[in-house]
Amino acid sequence: MTRPPLRVGFTFIPRRLHAGGFNYLRNLFSALHRYRPGELEPVTFAGLSDDDQDLASFGRIPSVEIVKHKAFERDHSGLISALVAGIDHAAAAAFDAERVDVVFEHARFFGWRLPLPTVAWFPDLQHKSLPQLFSMTARWRRELGFRAQLAAGRAIVLSSESALKDCRRFYPGATNHISVVRFASCPTNDLLAANPREIISLYDLPERYFYLPNQFWRHKNHQLVLDALAILAERGVKIVVAVSGGPDEPPTSFNSIMRQVEERGLKENFRYLGMIPLAHVYALLRACRALINPSRFEGWSTTVEEAKSFDVPMIVSDLDVHREQTGGSAVYFSVDDAAALAGCLAEAVSRDEPLHVKQLGSSVEARVAKFAEDFADAIKRAAAASSLPSRRVK
């Protein structure tokens with residue numbers, strides 16, 4: 001007899017708040033449908049106010065269900081119930097109503113008394129490595145959430161060996177089962193329908209441009225790109241960096257960067273396009289001279305992974321995780337060295353190469369299949385071990 005698929009509960013990640021998380025789930029669901037059909041059924045729980053258009057892009061993936069419920073609003077007070085009473089009753093009731101078998105817990109804790117096997121995703125441990133980039137409230141909220149998940153005996157999913165090293169360093173007493181599941185990206189055909197040349201024209205970009213599609217969080221280090229562009233402008237070297245992504249909330253970092261763009265006379269060099277459609281992101285990525293990721297910290301960069309899918313050249317900060325992710329194939333610069341980044345950009349733009357639209361590379365299928373396999377195995381392992389006693393972190 002064929003075993004029915006495991007129904008896995010996910011919490012929706014709005015694109016405007018975390019584009020990388022949104023893309024992670026979208027790619028994951030597509031990969032599971034394509035490479036592990038009939039094993040898992042994603043049930044995505046969203047708040048009543050979440051964007052219907054974003055949710056529709058998930059709903060078009062076969063086997064994905066969308067459930068809108070007030071327990072998944074951003075201002076829902078379930079965390080207090082989860083910490084004090086040991087269970088987020090409203091969320092637990094929603095999972096029960098939709099016959100969820102396993103919960104995938106990310107950026108939210110549902111309580112140690114949740115009567116379902118639960119896998120927690122730690123995207124990164126940035127708050128431990130770069131605590132100065134967080135307010136005290138944000139840092140402790142994140143830390144308490146991670147420690148609660150560890151103490152509740154959650155199986156943990158990490159996205160890189162670099163994150164695994166951090167987890168072992170910062171939580172040496174944890175005995176939870178930990179899986180490294182490397183995200184991989186293979187966009188669906190609808191996201192590749194836009195003509196890159198038309199999108200370049202739509203945003204009034206030159207044919208030779210670099211692309212920086214990161215949200216304006218402080219750790220994404222847009223400041224270094226501005227400083228590098230200013231150095232090049234003083235040398236008379238004209239570089240255009242197309243920038244897309246949403247502002248931080250509140251938009252402190254974004255406002256500072258855009259103010260500097262005006263004050264330093266870099267409007268022609270630093271072209272902010274806004275939060276653009278995902279199909280336009282892929283079009284600009286496929287036609288750019290190189291992807292730039294100047295980030296100070298990553299768990300496993302979504303933008304780098306998407307660039308890898310099309311064999312797009314990359315100029316990235318010299319992080320262990322970037323080295324792991326790119327396998328040494330990118331150009332690297334120190335996260336604090338604007339002059340080094342300026343040199344990388346100048347060298348790349350000096351090559352007189354015509355516009356070339358990249359296609360999906362030969363390694364994509366194997367990487368995405370491995371992503372789906374490893375994720376499905378982590379979920380099934382948690383379901384099989386659900387009768388085991390909870391483990392605790394010291």
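Source: prediction; values computed, not measured.
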(message) Under the rule for salt bridge (charged side-chain N to carboxylate O under 4.0 Å, His left out), what residues qualify as partners of Glu234, not counting sequence neighbours?
(response) none
(request) Using atom types as modelled and distance alone, determine if a side-chain donor or acceptor of Asp51 lies under 3.5 Å from a backbone N or O of Gln53. (result) yes
(message) Testing Val240, Val349, Leu355 one by one against Arg208 for a side chain to side chain contact (heavy atoms under 4.5 Å, CB included), which residue passes?
(response) Val349
(request) Answer with yes or no whether the side chains of Ser81 and Asp88 bring together a donor and an acceptor at under 3.5 Å. (result) no
(message) Taking the ring centre of each residue, are Tyr24 and His18 less than 6.0 Å apart?
(response) no
(message) Checking Arg26 against Thr188: is there a side-chain donor and acceptor pair closer than 3.5 Å?
(response) yes
(message) Testing the basics here: between Leu273 and Ile276, what is the closest heavy-atom pair and its distance to 0.1 Å?
(response) O-CG2, 3.5 Å
(message) Between Arg286 and Pro196 (side chain of the first, backbone of the second, donor and acceptor by atom type, cut-off under 3.5 Å), is there such a pair?
(response) no
(request) Return yes if some donor-acceptor pair links the side-chain N/O of Ser179 with the main-chain N/O of His177 below 3.5 Å, else return no. (result) no
(request) Look only at the side chain of Trp300 and the backbone of Phe183, and say whether a donor-acceptor pair between them is shorter than 3.5 Å. (result) yes
(request) Would you check if the side chain of Ser329 reaches a backbone N or O of Thr326 as a donor-acceptor pair within less than 3.5 Å? (result) yes
(message) Under 4.0 Å between a side-chain nitrogen and a carboxylate oxygen: does that hold for Arg182 and Glu324?
(response) yes
(request) Scan side-chain atoms only and decide if Ser301 and Thr303 contain a donor-acceptor pair under the 3.5 Å cut-off. (result) yes
(message) Measuring from atom CD of Glu298 to atom NE2 of His219, what distance do you get when rounded to the nearest 0.5 angstrom?
(response) 5.0 Å
(message) For the aromatic rings, using the six-membered ring if either is Trp, is the centroid distance between Phe104 and Phe375 under 6.0 Å?
(response) yes
(request) Assess the side chains of Ser159 and Trp121: does a donor N or O sit below 3.5 Å from an acceptor N or O? (result) yes
(message) If you apply the rule ring pair (Phe, Tyr, Trp, His ring centres under 6.0 Å), what do you find for Phe170 with Phe146, and how did you get there?
(response) CA-CA 11 Å; Phe170 294 121; Phe146 282 9; over 10 Å; no
(request) Determine yes or no for a side-chain-to-main-chain donor-acceptor pair under 3.5 angstrom, with Thr252 supplying the side chain and Asp248 the backbone. (result) no
(message) I want to know whether Phe72 and Phe12 have ring centres closer than 6.0 Å.
(response) no
(message) Against Gln149, only a single residue in Arg154, Glu105, Arg108 fulfils side chain to side chain donor-acceptor pair (under 3.5 Å); can you say which?
(response) Glu105
(request) Please report the C-alpha distance between Asp336 and Arg296 in whole Å, then the side-chain angles of each, then the deciding distance to 0.1 Å, and finally whether the side-chain contact (heavy atoms from CB on, under 4.5 Å) criterion is met. (result) CA-CA 9 Å; Asp336 294 312; Arg296 290 183 173 276; 2.8 Å; yes
(message) Would you compute the distance between atom CD of Glu249 and atom CD of Gln215 and round it to the nearest 0.5 angstrom?
(response) 9.0 Å
(request) Report yes or no: do Val304 and Val243 belong to one cluster of Ile/Leu/Val/Met/Phe/Trp/Tyr joined by side chain heavy-atom distances under 4.5 Å? (result) no
(message) I want to check a possible cation-pi pair here: Arg289 against Tyr209, using under 6.0 Å from ring centre and within 45° of the ring axis as the test.
(response) no
(message) Checking Asp320 against Glu161 for the side-chain contact (heavy atoms from CB on, under 4.5 Å) test, could you report, in this order, the C-alpha distance in whole Å, the side-chain angles of both residues, the deciding distance, and whether it holds?
(response) CA-CA 9 Å; Asp320 287 347; Glu161 290 293 332; over 6 Å; no
(message) Quick check on the 6.0 Å ring-centre criterion: do Phe371 and Tyr35 meet it?
(response) no
(message) Side-chain heavy atoms nearer than 4.5 Å, only ILVMFWY residues, links allowed to pass through others: does that put Ile379 and Phe45 together?
(response) no
(message) As a test of understanding, state which of Arg16, Arg74, Lys68 forms a side chain to side chain donor-acceptor pair (under 3.5 Å) with Asp50.
(response) Arg74
(request) State whether the side chain of Ser160 and the backbone N or O of Gly299 hold a donor-acceptor pair below 3.5 Å, judged by distance alone. (result) yes
(message) Under 6.0 Å between ring centres: does that hold for Phe58 and Phe29?
(response) yes
(request) Begin from the C-alpha positions of Val181 and Asp377 and carry the test side-chain contact (heavy atoms from CB on, under 4.5 Å) through to its verdict. (result) CA-CA 10 Å; Val181 180; Asp377 285 350; over 6 Å; no
(request) Check Pro5 against Glu41 and note the closest heavy-atom contact, atom names and distance. (result) CG-OE2, 3.4 Å
(message) Side-chain heavy atoms nearer than 4.5 Å, only ILVMFWY residues, links allowed to pass through others: does that put Leu212 and Leu202 together?
(response) no
(message) Looking at every heavy atom in both Pro294 and Asn214, which two are closest together, and how far apart are they?
(response) CD-ND2, 4.1 Å
(message) Minimum heavy-atom separation for Ala307 and Leu285, please, with both atom names.
(response) N-CD2, 3.9 Å
(request) Mind telling me whether His222 and Phe216 have parallel, tilted or perpendicular rings, with 30° and 60° as the class edges? (result) parallel
(message) Quick one: does any side-chain atom of Arg36 pair with a main-chain N or O of His33 as donor and acceptor, under 3.5 Å?
(response) no
(message) Tell me which one of Tyr272, Tyr211, Tyr203 satisfies side chain to side chain donor-acceptor pair (under 3.5 Å) with Ser244.
(response) Tyr211
(request) Tell me whether Leu158 is reachable from Leu28 by hopping between hydrophobic residues (I, L, V, M, F, W, Y) whose side-chain heavy atoms are closer than 4.5 Å. (result) no
(message) Quick test of your reading of the model: are Glu365 and Arg34 salt-bridged, counting only N-O distances below 4.0 Å?
(response) yes
(message) Treating Asn176 as the side-chain partner and Leu150 as the backbone partner, does any N or O pair qualify as donor plus acceptor under 3.5 Å?
(response) yes
(request) Evaluate the side-chain contact (heavy atoms from CB on, under 4.5 Å) criterion for residues His106 and Phe122: first the C-alpha distance (whole Å), next the side-chain angles of each, then the deciding distance (0.1 Å), finally the verdict. (result) CA-CA 7 Å; His106 49 88; Phe122 293 2; over 6 Å; no
